[in-house]
Protein chains: 2
Amino acid sequence: MQLLRADIIDGALQPGSKLKLEMLRERYEIGAAPLREALSRLAGEGLVVAQEQRGFIVSGMSVEEANDIGELRLLLEIEALRSSLRLGDEQWQTRVITAYHWLDRVERAPNPGNGRLDELERRNFDFHEALVSACDRRWTLHLRGIVFRQHERYRRLSRIHSAKTRQVSDEHRALFDAALERNEEAVVAVVTSHIRRTTKAVTEALRKRQGDEGNT
Amino acid sequence: MQLLRADIIDGALQPGSKLKLEMLRERYEIGAAPLREALSRLAGEGLVVAQEQRGFIVSGMSVEEANDIGELRLLLEIEALRSSLRLGDEQWQTRVITAYHWLDRVERAPNPGNGRLDELERRNFDFHEALVSACDRRWTLHLRGIVFRQHERYRRLSRIHSAKTRQVSDEHRALFDAALERNEEAVVAVVTSHIRRTTKAVTEALRKRQGDEGNT
DNA sequence: CCATTTGTAAATATCGATTTTTTTATTGAC
DNA sequence: GTCAATAAAAAAATCGATATTTACAAATGG
């Protein structure tokens, strides 16, 4: 299940592609029943689409959805952050500091080689996760999780086309500083431009990809 | 699946209760495989919780979650409404007018007997659905759907304790008028007080219920 | 030559039975 | 009498096989 989800998010299983049960059973070496359960759960959160009597497909990607998801990510992230900033205790601070430390380390690393991309993504995830980790709103976190994963799928796509991590690193620093100061408005401002910038890069990458496909 | 979901939402299957597979198989007359798939999908959207190797339970209800869900409902409903008001064409208008007509009819009906409660809830659903039906943001609608269903679960609870539908009817009228005028800010204002009022009633009902349980 | 139909192959969905895990009950020791 | 260990029962998860359904291809009729 985790593997399947990861393969969808990182694009190993392409958007829109049919998920042949037989093929997946071989790939992950599991039976039909657990596989269908996993797919059903993913369908519930929208990563795959169940087509009655016609199996499952990886849910599609488009410029429209990229914008939609970007705005939702923003909305939910802000909700979670506001709550987390208010409730965060010392342990929260420690989590944020630690997570930022590792993220910064990877972002500063000289070689952003293909192997490091996964680590970068993981550290990025951990950092944002740490920031909202004091939020006590279960449902906000649940929905944020769903949207975050979708957003990550799009983000990966843009990484393939343009790998300018410089400014992202600065944005993370600003986010880190504002968070520790418990300055809600500053955090909101930073995260807003951070996410909107990402969305912009994603839509550009998507348009480019659609263009490429037209020439194939 | 639809039946199972309905039974969870209308409280036939109580929050926190264990979902014995054998029992459910009898109740809905289906095999284990489709049942587990349905439960997995519901787990994906959070109506049930899957406990590894220990089956499924109906996800719990609490005052904290009621508030969380209420605020999310508000957030997502506003997003969807704004988009829908901008894009709505003549067909949208027709859908809204029709849906309001039926809702109004049920709300005005003299006898809000137990049988009518389901219809009221369905018409209410249809009306709100019609209002956002011109929104083209798939993900916003998807998340709104998840939250709406959760919110409905809580709303039903409050209906049991207090059945004052008078003011709700007025709120719907105001919402209807503002929507047809395409007055975004007015719609937002009305829907905000509408949902917040609902949340308040729900939390009161919940506290009352928790009190009752203490005396059992 | 195109459209509709029929047959075949592939894939999906479902069922019944088996295996594994958890929970409950019982026994024995301290 | 209480706790721990063990045995029995119940429940959940998984597997292999079967029954539907859909997709594709060939053939027939217009």
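So you know, we letter chains A, B, ... as the sequences are listed, proteins then strands, and number each from 1. None of the values given here were measured: they were computed from a predicted structure.
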Does any donor atom in the side chain of B:His151 or B:Arg155 lie under 3.5 Å from an acceptor atom in the other side chain?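 Result is yes, a qualifying pair exists.
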Which salt bridge (Lys or Arg N to Asp or Glu O under 4.0 Å) pairs, counting each pair once, include a residue from residues 84-98 of chain A, with sequence neighbours left out? A:Arg86-A:Glu184
Its contact letters, B for base, S for sugar-phosphate only and - for none at protein heavy atoms under 4.0 Å, make nucleotides 16-24 of chain D read -----SSS-
Whole-Å distance separating the [atom1] atom of [X] from the [atom2] atom of [N]:
| X | N | atom1 | atom2 | answer |
| --- | --- | --- | --- | --- |
| B:Phe56 | C:dT22 | CZ | C1' | 15 Å |
| B:Glu22 | D:dA11 | CD | P | 8 Å |
| B:Lys20 | D:dA10 | NZ | P | 11 Å |
| B:Leu24 | D:dA11 | CG | C1' | 13 Å |
| B:Leu19 | D:dA12 | CG | P | 9 Å |

Qualifying residues under ring-ring contact (aromatic ring centres under 6.0 Å, His included), relative to [X], sequence neighbours excluded:
| X | answer |
| --- | --- |
| B:His142 | B:Trp139 |
| A:Phe176 | A:Tyr100 |
| A:Tyr28 | none |

With sequence neighbours left out, write down each residue that passes salt bridge (charged side-chain N to carboxylate O under 4.0 Å, His left out) with B:Glu129, or none if nothing qualifies. B:Arg144
Would you jot down, in residue-number order, the residues of residues 34-51 of chain A having a non-hydrogen atom under 4.0 Å from DNA chain C? A:Arg36, A:Gln51
At 10 degrees resolution, what angle do the end axes of the helix from C:dC1-D:dG30 to C:dC30-D:dG1 form when each is taken over five base pairs?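 Between the axes fitted at each end of the helix from C:dC1-D:dG30 to C:dC30-D:dG1 lies an angle of 10°.
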Donor-acceptor check, side chain of B:Thr192 to backbone of B:Val188, threshold 3.5 angstrom: yes or no? yes
List in chain and number order the residues that pass side-chain contact (heavy atoms from CB on, under 4.5 Å) with [X], two or more places apart in sequence or in another chain; answer none if no residue qualifies.
| X | result |
| --- | --- |
| B:Glu79 | A:Leu75, B:Arg137, B:Thr140 |
| A:Thr203 | A:Val63, A:Ala66, A:Asn67, A:Thr199, A:Arg207 |
| B:Ser59 | B:Val49, B:Gln150, B:Arg153 |
| A:Val191 | A:Leu74, A:Glu77, A:Ile78, A:Leu81, A:Leu175, A:Ile195 |

Check whether any side-chain nitrogen or oxygen of A:Lys18 sits under 4.0 Å from OP1 or OP2 of C:dA11, and answer yes or no. no
